[in-house]
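Worksheet: the structure to be examined is printed underneath.
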Amino acid sequence: MSMRKPGSGGGESKPRQDELHGNGMKLQQFIAHAGITSRRKAEEFIREGRVTINGSVVKDVTARVNESKDHVKVDGSLIRQEAKIYIVMNKPEGCITTVSDDKGRPTVVDLLKPTIRERIYPVGRLDFNTTGTLMLTNDGDFANSVMHPSFEIEKKYTAKLQGRISSFALNRLKKGVKIGDERRFVRPADAGLYKRNDANDVIYIVIREGMNHQVKKMIEAVGASVVRLRRENVGKISDRGLSAGQWRYLTPDEIKYFKRGK
Ligand code: URA
């Protein structure tokens, strides 16, 4: 949408249809991304006539905006987009991968305060005691690219087991197992013995899906159980070099890697 010059017919005049439906970001998404409300609420604001683009009220929920040029206001206040943030962390044990917790447990987002003030959230989940590679962002498209099964991003885990695993059980795991109430068949992209300690085996397993407790359930399905689980990488992103709880920004190349094909 092009900018109107001040005094050149702004006010309540109607934007042109081609301005409303051109390329760019959806208006409701733009408002939600600014962190002031949800997409659904933003849509309500638009319908209620509380939103203007370059001085013109827009009630069309399919309207789009040019993020770098357009001035969007809600109830007369200018909306500014938050800078996009992309982080990888070595998630420590004993914290949850949510933004807040009603039981008061520490969250991964707490670990980023006070440096990060933007509203960021974890990309996918790791269990309370699972450690390792976890990304956080405020870019919904990016999060979707990482998590959506159609992108088939491979995630590698190492799992310390209770005692030993037989080669029979490991082979069964490699061939795929049924898990969950729905008995869904899942086959790892790869799996094998990683390390044999005196008392425990450590195995690695690579999966493409991201079902709840998937790795633990797969391992349990062959009669073994996990005492410690760590995610080594998500695609080519890894927490290598970061100690527990430490984090870094993704590099431009790493960000592009997930945005490819978009
Ligand atoms: N699979 C699990 O069982 N737990 C995790 O935290 C991640 C994958």
Side-chain angles (χ1 to χ4, degrees), residues 88-98 108 121-137 140-240 242 244 250 254 257-262:
V88 57
M89 168 189 286
N90 176 357
K91 179 195 171 294
E93 276 187 345
C95 68
I96 57 165
T97 46
T98 52
V108 287
Y121 48 87
V123 180
R125 281 186 178 208
L126 290 177
D127 296 338
F128 189 68
N129 280 329
T130 301
T131 60
T133 306
L134 177 74
M135 285 185 278
L136 298 104
T137 188
D141 291 337
F142 175 87
N144 190 44
S145 299
V146 178
M147 286 192 295
H148 201 277
S150 64
F151 288 93
E152 300 209 327
I153 306 285
E154 291 190 348
K155 289 146 287 219
K156 181 177 179 183
Y157 292 84
T158 47
K160 182 176 175 185
L161 304 181
Q162 181 89 57
R164 291 264 152 85
I165 185 168
S166 66
S167 49
F168 176 74
L170 194 52
N171 276 332
R172 268 183 64 209
L173 181 64
K174 284 183 192 175
K175 285 185 185 145
V177 289
K178 288 185 182 164
I179 58 167
D181 293 341
E182 291 168 7
R183 312 299 302 142
R184 205 173 132 195
F185 180 77
V186 272
R187 182 189 209 140
D190 197 5
L193 193 62
Y194 182 73
K195 206 161 54 169
R196 178 150 276 178
N197 297 325
D198 287 346
N200 300 81
D201 284 343
V202 181
I203 61 166
Y204 68 89
I205 176 163
V206 180
I207 58 170
R208 296 198 178 98
E209 310 82 0
M211 294 154 68
N212 243 358
H213 312 302
Q214 181 172 339
V215 171
K216 288 177 190 158
K217 285 180 182 167
M218 289 174 78
I219 291 171
E220 279 158 17
V222 299
S225 70
V226 175
V227 290
R228 201 169 296 151
L229 186 62
R230 175 176 162 74
R231 184 156 69 185
E232 302 295 337
N233 59 266
V234 176
K236 71 173 191 181
I237 310 302
S238 135
D239 64 349
R240 200 167 306 128
L242 300 172
L250 293 188
E254 288 174 328
Y257 165 71
F258 286 112
K259 290 194 163 179
R260 72 196 187 281
K262 294 206 111 222

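We number each residue from 1, following the sequence as shown. Heavy atoms only: backbone and side chains are in, while hydrogens, waters and symmetry mates are out.
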>> Run T158 and K195 through side chain to side chain contact (heavy atoms under 4.5 Å, CB included) and show every step you take.
In response: CA-CA 10 Å; T158 47; K195 206 161 54 169; over 6 Å; no

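- A distance of 12.0 Å separates CZ of F168 from CG of L173, quoted to the nearest 0.5 Å.
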> What's the verdict on side chain to side chain contact (heavy atoms under 4.5 Å, CB included) for R125 and T98, showing C-alpha distance, side-chain angles and the deciding distance?
Replying inline: CA-CA 8 Å; R125 281 186 178 208; T98 52; 4.1 Å; yes

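- Not a single donor-acceptor pair under 3.5 Å links the side chain of R231 to the backbone N or O of G132.
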> When you look at R230 and D239, which way does the side chain to side chain contact (heavy atoms under 4.5 Å, CB included) test go after all the steps?
Replying inline: CA-CA 11 Å; R230 175 176 162 74; D239 64 349; 2.7 Å; yes

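- In terms of heavy-atom proximity, V215 sits nearest to Y157 at CG2-CD1, 3.6 Å.
- The two residues H148 and S150 make their nearest non-hydrogen contact at ND1-OG, 2.8 Å.
- Nearest approach of N197 to R164, heavy atoms of both residues: O-NH2, 2.7 Å.
- Residue L134 forms a side-chain contact (heavy atoms from CB on, under 4.5 Å) with just one option from I237, N90, L126, V88, and that option is L126.
- E209 has its side chain within reach of R184: a pair of non-hydrogen atoms, C-beta onward, lies under 4.5 Å apart.
- Considering only heavy atoms from C-beta on, L242 stays 4.5 Å or farther from M89 through its side chain.
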> Can I219 and I203 be said to form a side chain to side chain contact (heavy atoms under 4.5 Å, CB included), step by step?
Replying inline: CA-CA 10 Å; I219 291 171; I203 61 166; 3.8 Å; yes

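- S145 and F258 make their closest contact through CB-O, 3.2 Å (heavy atoms, listed as atom of the first residue, atom of the second, distance).
- In this structure, the side chains of T130 and K216 come closer than 4.5 Å at one or more pairs of heavy atoms.
- In this structure, N129 contributes its side chain and G94 its backbone to a donor-acceptor pair below 3.5 Å.
- With sequence neighbours excluded, the residues that form a salt bridge (charged side-chain N to carboxylate O under 4.0 Å, His left out) with E154 are R208.
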